[in-house]
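Below is one structure, written out as structure tokens; comments come after it.
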Amino acid sequence: MTSTSTKTLVNLLKNPISIKTKHQAKQLHAQIFKTETPNSPFFVSRLVSVYSNFNLLNDSLHLFNTLDSPPPALAWKSIIRCYTDNGLFVQSVLFFVKMMASGVHPDHNVFPSVLKSSTLLVDLRFGESVHACIVRLGFHLDLYTNNALMNMYAKFQSLDMNTNDEFYGLEVSGGHKIYVHEVLDGIPERNGDGQSKSVLVSCNEPLDHTNYWKHGFEESVVGSDDNVNLHCVELPCSDGARHVDEGSCAKTNSGRRLQMDSVRKVFEQMPTRDLVSWNTVIVGFARSGLFEEALEMVREMGNANLKPDSFTLSSVLPIFADYVDVIKGKEIHGYAIRHGLDTDVFIGSSLIDMYAKCTRVEDSHRVFGLLPRRDGISWNSIIAACVQNGMFDEGLKFFRQMLLAKIKPRHVSFSSIMPACAHMTALHLGKQLHGYIIRNGYDDNVFIASSLVDMYAKCGNIRLARCIFDKMELHDMVSWTSIIMGHALHGYALDAISLFEQMEEEGVKANSVAFVAALTACSHAGLIDKAWSYFNCMTRNYGIVPCLEHYTAVADLLGRAGKLEEAYEFISGMHIRPTGSIWSTLLSACRVHKNVELAEKVAEKIFMTDPDNTGAYILLTNVYSAARRWKDVLRLRIHMRNKGLKKTPACSWIEIKNKVHAFAAGDESHPCYDKINEALNVLLERMEREGYVPDTKEVLHDVEEEQKKYLLHYHSERLAIAFGIISTPDGMTIRVIKNLRVCGDCHTAIKFISKIVQREIIVRDNSRFHHFKDGKCSCGDYW
DNA sequence: TCCCTTCAAC
């Protein structure tokens with residue numbers, strides 16, 4: 001090729017498709033270098049374009065900088081697209097601004113890249129300026145430009161904007177924070193005075209390793225100024241990877257920007273539309289929750305003789321996941337199979353998710369098993385599918401398999417798997433994950449931090465949960481509710497309430513779940529007036545319609561306070577149909593307050609809708625035995641046996657050195673049973689010396705008094721605690737989990753034990769945590 | 001040159 005003529009080179013460059021490899025591109029470059037005019041704008045700008053087609057950003061930039069100004073539009077466009085393809089959206093946008101300032105007339109095909117970059121920068125004002133620019137230059141009829149425009153507006157409307165509307169944070173791991181000021185002023189009129197426009201950029205640390213700034217922008221880099229309207233974005237790390245797609249917009253509960261009208265407007269004025277146009281509108285509607293509109297567009301698309309492709313299907317499937325409509329979801333699945341799209345990795349993930357949300361997790365497994373290729377998202381989908389359906393062990397199994405398959409977990413993976421640890425109260429697993437998170441630098445991610453807060457709170461370590469919460473830079477709704485709920489469950493109602501108030505002071509408006517947390521706090525501490533004020537405030541001032549959880553917290557509170565009739569009226573007056581579970585709350589209160597009559601009435605309500613509700617039978621049995629109505633007890637027991645209903649056996653467990661030890665009541669099977677028994681007897685002796693008197697009323701069997709004492713002595717939580725005491729060093733906190741409510745006598749006994757052994761003992765029962773310390777419990781004996 | 005999938009608090 002050494003003797004290639006200039007004419008041949010020109011022809012080659014005019015038809016760059018014939019250049020198939022990077023190597024050929026470099027050879028071409030070398031040949032041009034040997035010609036008489038290696039620096040001609042034609043050669044250079046064409047070469048820039050060739051390099052940018054191969055995504056060779058540095059080579060393209062190097063050539064671009066050899067051009068005498070003003071470089072031709074083709075060269076600008078190539079660089080801008082290359083920046084966008086490398087995920088360098090700030091640079092892409094700034095290059096566009098600089099191009100406009102240099103007076104070059106852009107051609108239409110620069111706009112899709114610029115719009116994509118401004119979309120991913122989450123800067124609506126800039127995007128709108130670009131739109132104005134497009135109209136001004138007469139490119140508003142261009143198909144690709146319009147598709148990109150619609151996409152931009154659709155993305156903006158589906159993001160939850162921050163409360164103060166000034167900061168649109170994109171989370172990108174390992175990146176710098178770049179502040180872009182006044183970018184929009186940088187778009188001058190065509191042939192306008194570019195010099196008068198400014199592009200101000202600042203960064204939170206020196207950009208020493210990012211050579212992108214060496215290409216014409218040093219003069220624009222200024223120190224950050226808090227007085228300037230800042231639009232904060234993160235610059236991806238220097239490897240140029242496209243991290244932003246995997247990031248997430250900082251969420252708040254402020255109002256959404258409804259931009260679907262803009263999307264619609266663009267769509268309607270388009271002279272021609274292709275499949276991408278339709279898909280863009282469909283996904284826009286789907287993301288903004290306008291599901292019916294999205295589905296209507298799919299039908300209209302058919303009328304326009306366009307067939308749904310893999311983009312359409314994977315955008316539509318999440319709609320049926322949200323609607324929990326497995327019939328429609330299956331229709332899509334069928335369509336995908338008929339058109340050979342069922343092995344598409346995008347559709348596969350949507351299908352896994354759709355089946356999981358419809359509680360058909362076995363179908364999720366099947367889809368996952370049939371996928372020929374699995375990416376991080378398919379793995380996350382199957383992990384989330386398991387966890388969301390309560391299959392925690394399975395979820396962990398998939399998580400381990402994913403690591404073995406050398407798929408690096410991302411923040412989504414952690415927030416999918418962490419609830420499994422929280423639900424299983426598997427502190428050692430949670431800690432392992434936390435270690436992994438710290439080692440890989442994910443601990444500043446708000447989603448991950450929130451799941452950690454929730455996990456530690458649910459696993460009994462509220463102090464660590466609080467510590468992580470306090471270290472978070474930005475608190476979103478979920479982290480607030482996690483920490484409030486955490487304190488509520490641990491009985492620290494006043495802390496929970498003050499956190500709730502702090503949240504409101506910081507401008508985060510409480511949502512429905514936050515009120516559940518606040519009401520739960522009140523319910524666990526018996527704060528009736530406070531609960532009513534929250535409940536009324538929520539419905540009147542916040543326009544939140546109470547749901548079952550709110551009603552349950554209030555009913556529970558009324559019941560515990562002995563206001564049984566009031567609770568009955570409250571439940572009967574709910575705007576939704578009372579469930580068995582909320583009636584059970586009251587039934588439980590009837591047991592505490594020994595109201596047999598109301599208990600029978602309430603049980604009747606439960607059995608009407610749920611005749612096999614074992615819990616209700618047990619509660620009613622307890623009510624009868626507390627009232628010493630042994631005949632009724634017997635009658636119910638026989639009835640239950642005939643129905644094949646069994647009482648859940650009490651069970652407690654404790655983690656010692658990452659191993660879980662479980663105990664049933666009166667359980668003698670543990671290898672260390674002799675030592676446990678010995679410890680229990682020593683404890684009992686010291687407890688009685690301190691004034692402990694067994695409360696045999698808690699034993700609901702019709703047996704002798706001595707027998708009752710014996711039964712209490714071997715309740716499962718006491719076995720677990722005794723084992724904890726003999727297996728751990730002095731002073732170490734003991735954490736025990738029980739599947740049922742702690743009985744009154746054990747509660748008293750554990751208070752004594754905490755004082756005698758001088759340890760903090762934390763017991764989680766089926767609804768809350770008890771922190772026993774120095775003979776007192778955090779629940780204030782109200783649970 | 002443009003469009004798609006996964007996650008946290010109840």
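Letters go in sequence order (proteins before strands), and every chain restarts at 1. All values below come from the heavy atoms of this structure, side chains included, with hydrogens, waters and symmetry mates left out. Note that this is a predicted model, so its numbers are computed, not measured.
- For Asn151(A) and dC3(B), the CG to C1' distance is 6 Å, given to the nearest whole Å.
- Checked against side chain to side chain contact (heavy atoms under 4.5 Å, CB included), Asp325(A) has the following partners two or more places apart in sequence or in another chain: Phe320(A), Tyr323(A), Ile327(A), Lys328(A).
- The side chain of Ser415(A) lies closest to dC7(B), out of dC10(B), dT1(B), dC7(B).
- Side-chain contact of Ser92(A) with Ser117(A): a donor-acceptor pair under 3.5 Å is present, judged by distance alone.
- Within the structure, every side-chain polar atom (N or O) of Asn380(A) is placed at least 4.0 Å from both OP1 and OP2 of dC7(B).
- Taking the side chain of Val276(A) as heavy atoms from C-beta on, and the options dC10(B), dC7(B), dC2(B), the nearest nucleotide is dC2(B).
- Counting to the nearest Å, the C1' atom of dT6(B) and the CZ atom of Phe414(A) are 15 Å from each other.
- Rounded to whole angstrom, the span from the NZ atom of Lys357(A) across to the P atom of dT5(B) amounts to 12 Å.
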Tabulate below the donor-acceptor pairs under 3.5 Å that side-chain atoms of residues 339-348 of chain A make, not counting sequence neighbours, or state none.
| residue | atom | partner | partner atom | Å |
| --- | --- | --- | --- | --- |
| His339(A) | ND1 | Tyr335(A) | O | 2.9 |
| Asp344(A) | OD1 | Phe346(A) | N | 2.8 |
| Asp344(A) | OD1 | Ile347(A) | N | 2.9 |

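- With sequence neighbours excluded, the residues forming a side-chain hydrogen bond (donor to acceptor under 3.5 Å, both in side chains) with Arg299(A) are Glu296(A), listed by chain and number.
- At the phosphate of dC10(B), OP1 or OP2 sits under 4.0 Å from a side-chain N or O atom of Lys458(A).
- Of the candidate nucleotides dT5(B), dC3(B), dA8(B), dA8(B) has the atom lying nearest to any side-chain atom of Ser450(A).
- Among residues two or more places apart in sequence or in another chain, the ring pair (Phe, Tyr, Trp, His ring centres under 6.0 Å) test is passed with Trp480(A) by Phe469(A), His475(A).
- Scored by the ring pair (Phe, Tyr, Trp, His ring centres under 6.0 Å) test, Trp76(A) finds Phe64(A), Phe95(A) as partners (sequence neighbours excluded).
- No side-chain donor-acceptor contact under 3.5 Å links Asn147(A) and Arg273(A).
- Taking atom CZ of Arg287(A) as the reference point, atom C1' of dC3(B) lies 9 Å away to the nearest angstrom.
- For a distance-only test at 3.5 Å, the side chain of Thr481(A) qualifies as a donor-acceptor partner of the base of dA9(B).
- Using a 4.0 Å cut-off on heavy atoms, the residues of residues 306-325 of chain A that approach DNA chain B are Ser310(A), Phe311(A), Ser314(A), Ser315(A), listed by number.
- Contacts with DNA chain B (heavy atom under 4.0 Å) in residues 342-354 of chain A: Val345(A), Phe346(A), Ser349(A), Ser350(A), Asp353(A), listed by number.
- In this structure, the nucleotide among dT5(B), dA9(B), dT1(B) sitting nearest to the side chain of Ser482(A) is dA9(B).
- For Val478(A), taking side-chain heavy atoms from C-beta onward, the closest of the listed nucleotides dC7(B), dC2(B), dA9(B) is dA9(B).
- Atom CZ of Arg410(A) is separated from atom P of dT6(B) by 17 Å (rounded to the nearest Å).
- Applying the side-chain hydrogen bond (donor to acceptor under 3.5 Å, both in side chains) test to Thr425(A) and every residue at least two apart in sequence or in another chain returns Arg764(A).
- Listed for the Asp353(A) side chain is no donor-acceptor partner under 3.5 Å among the backbone atoms of Ser349(A).
- As judged by a 4.0 angstrom heavy-atom cut-off over every strand, Val513(A) is placed among the base-contacting residues.
- Taking 4.0 angstrom as the limit, Arg273(A) places none of its side-chain polar atoms (N or O) nearer than this to OP1 or OP2 of dC2(B).
- Using a 4.5 Å heavy-atom threshold, the side chains of Ser479(A) and Met472(A) count as touching.
- In this structure, Leu433(A) atom CG and dC7(B) atom P are separated by 18 Å, rounded to whole Å.
- Per the geometry, CD1 belonging to Ile417(A) stands 13 Å off P belonging to dC7(B), to the nearest Å.
- The interatomic distance linking Leu74(A) (CG) with dT1(B) (P) rounds to 12 Å, in whole Å.
- Listed by first and then second residue, the side-chain hydrogen bond (donor to acceptor under 3.5 Å, both in side chains) pairs involving residues 376-385 of chain A are Asp375(A)-Ser378(A), Asn380(A)-Ser413(A) (not counting sequence neighbours).
- Looking at the side chain of Val283(A), the nearest of the listed nucleotides dA9(B), dC4(B), dC7(B) is dC4(B).
- Contact between the side-chain N/O atoms of Lys155(A) and the OP1/OP2 oxygens of dC2(B) is not found at any separation under 4.0 Å.
- Side-chain nitrogen and oxygen atoms of Gln388(A) include at least one within less than 4.0 Å of the OP1 or OP2 phosphate oxygen of dC7(B).
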